[in-house]
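As structure tokens, the structure follows; a few thoughts come after it.
Whatever order the structure lists them in is the order used to number ligands and atoms, beginning at 1.
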Amino acid sequence: MIVVMEPGASRESVEAVEMRIRAAGLDVHRSRGVERTLVGAIGDERILEPGCFESMPGVERAVRVVRPYRLVSREWHPGTTVVDVGGAAIGGREVQVIAGPCSVETDGQMAEAADAVARGGARLMRGGAFKPRTSPYAFQGHGIEGLRMLGRAAARHGLPVVTELMDVRMLDTFLAEGVDAIQIGTRNMQNFDLLKAVGRVDVPVVLKRGMSATIAEWLMAAEYVAAGGNHRIVLCERGIRTHETAYRNVLDVTAIPYVKRESHLPVIVDPSHAGGKAWMVEALACAAVAAGADGLLIEVHPCPREAWCDADQALAPDAFGSLMARLAAVAAAVGRVLAPAPEARTPARIAGETALPA
Ligand code: PEP
Ligand code: MN
């Protein structure tokens, strides 16, 4: 951290800043210029708060030099992390698709959805059993029974499941039900107790970006999970709120290359919640893969107009199938391969896969 003193700051105020830095166990480097003095804190500056210095007499501002997050940064781990979710690798050369309905409704709906997901070639299945709804009168999800329906449907095709955890008290149930990846939704990205709790377990976490979160806040949320010991984190960009009202959210495509440079964690994209309309999903999904996304989270429903939640944005099975075909071409164009579900794999497809250039 560098503390910039005001022009003409007294010797006492410079010394008070230096004392405070030393009291925190860091060393001091003073640099006296023609107009002002700079005081550098040498050591792990993450324990220092700029605001503590900015409220001191004679201080103009305090600026961090290093990133506030460490474990999730590429600076800390220059390699690229691959997260295994029930046998599907996220972050490698394969682009993984997680698909399924917004909410788990009935066994019949889930069985049809699972068939569509597997037929389309997705490798993982999603479905919400605990739903974060804006209105308390809207369908809130089937809860534990919903988890079981999701598990039964996905088991038809051996698909690992991804589902949202909202309440820390349900974590043990998620583990007992064998959830393969825990989704933390946009509304809970800064629920720090929830982040700490999932940081203590050995189950992958799909961490969605808060709808108004900066990238630094998103990575700090991931740091909470990593700090607890769980490094199996997949970041998910799902669109952010801006002044634009024409569509549900703005997909921040820029975040994809930025976060992949800043962090070693895999980054996936949810085009469904970004655009909020089924007809936008294909364009946004293609853009995401072209920009380097490691996977996609897509809402698919056997009959979208009858969906109990997010009906406007769900893809029907046919539309999902054609989207997957286009995605395979986009993935190939950027040196990736769309990972097919085990039953969709044929020897010809496997033989056609090529490794990413090193
Ligand atoms: C969801 O995936 O169904 C969901 C509620 O997503 P988000 O948290 O991004 O709104
Ligand atoms: Mn949804």
Side-chain angles (χ1 to χ4, degrees), residues 85 96-105 109-110 113 117 122 124-136 138-143 146-147 149-150 154 161-167 170 174 179-191 194-195 198 204-213 217-218 221-222 225 233-242 247-252 255-256 259 267-278 280-281 284-285 288 293 295-316 320:
V85 180
Q96 296 290 355
V97 177
I98 307 165
C102 181
S103 68
V104 176
E105 299 163 10
Q109 168 245 12
M110 289 306 288
V117 168
L124 302 109
M125 185 165 186
R126 62 152 287 146
F130 296 87
K131 293 303 304 174
R133 305 304 301 276
T134 301
S135 165
F139 175 56
Q140 304 286 307
H142 285 309
L147 289 182
M149 287 189 207
L150 171 63
V161 299
V162 180
T163 192
E164 178 166 354
L165 175 71
M166 292 201 297
D167 186 332
M170 291 311 297
F174 272 51
V179 167
D180 296 285
I182 298 169
Q183 180 175 316
I184 301 295
T186 194
R187 294 159 188 82
N188 274 312
M189 189 205 81
Q190 286 189 315
N191 181 337
L194 194 57
L195 298 175
V198 298
V205 174
V206 174
L207 179 63
K208 287 198 162 192
R209 179 179 181 181
M211 61 183 86
S212 301
E217 288 164 341
W218 187 18
V225 180
I233 306 164
V234 176
L235 298 166
C236 180
E237 158 65 37
R238 49 78 72 199
I240 50 172
R241 283 198 164 170
T242 70
Y247 26 84
R248 193 171 181 183
N249 291 291
V250 173
L251 178 64
D252 185 4
I256 304 166
V259 174
V267 178
I268 67 168
V269 167
D270 172 350
S272 307
H273 290 87
K277 295 285 176 203
M280 287 185 188
V281 170
L284 299 180
L296 295 163
L297 184 75
I298 300 176
E299 288 191 343
V300 175
H301 192 284
C303 183
R305 69 174 178 279
E306 286 174 14
W308 298 5
C309 184
D310 284 350
D312 277 9
Q313 67 195 35
L315 292 184
F320 179 60

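The Mn ion (ligand 2) forms the vertex of an angle spanning OD2 of Asp310 and OE2 of Glu299; to the nearest 10 degrees it equals 130°.
Screening Val117, Ile298, Leu124 for a side-chain contact (heavy atoms from CB on, under 4.5 Å) with Ile98, the sole residue that qualifies is Leu124. Each of Lys208, Arg238, Arg209, Arg248 was compared with Asp270 under the salt bridge (Lys or Arg N to Asp or Glu O under 4.0 Å) criterion, and only Lys208 meets it.
Of the possible donor and acceptor atoms, one in the side chain of Glu105 sits under 3.5 Å from a partner among the backbone N and O of Trp308. Under the 3.5 Å distance criterion, the side-chain polar atoms of Arg126 are matched with a main-chain donor or acceptor of Cys102.
Residue Cys102: an N/O/S atom is found under 2.8 Å from the Mn ion (ligand 2).
Atom CZ of Arg241 is surrounded by 12 or fewer heavy atoms from other residues, nucleotides or ligands within 6.0 Å.
Side-chain contact annotation: Glu299 with His273, donor-acceptor N/O pair under 3.5 Å present.
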Please tabulate, one line per pair, the protein nitrogen or oxygen atoms found under 3.5 angstrom from a nitrogen or oxygen of ligand 1, with distances to 0.1 Å, or say none if there are no such pairs.
from, atom 1, to, atom 2, distance (Å)
ligand 1, 2 (O), Arg126, NH1, 2.7
ligand 1, 2 (O), Gln183, NE2, 3.0
ligand 1, 2 (O), Lys208, NZ, 3.0
ligand 1, 3 (O), Arg126, NH2, 2.9
ligand 1, 3 (O), Lys131, NZ, 2.9
ligand 1, 3 (O), His273, NE2, 3.3
ligand 1, 3 (O), Glu299, OE2, 3.4
ligand 1, 6 (O), Lys208, NZ, 2.9
ligand 1, 8 (O), Thr186, N, 2.8
ligand 1, 9 (O), Lys208, NZ, 2.8
ligand 1, 9 (O), Arg238, NE, 2.7
ligand 1, 9 (O), Arg238, NH2, 3.4
ligand 1, 10 (O), Arg187, NH1, 3.0
ligand 1, 10 (O), Arg238, NH2, 2.9

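Going from atom SG of Cys309 over to atom NE2 of His301 covers 9.5 Å, rounded to the nearest 0.5 Å.
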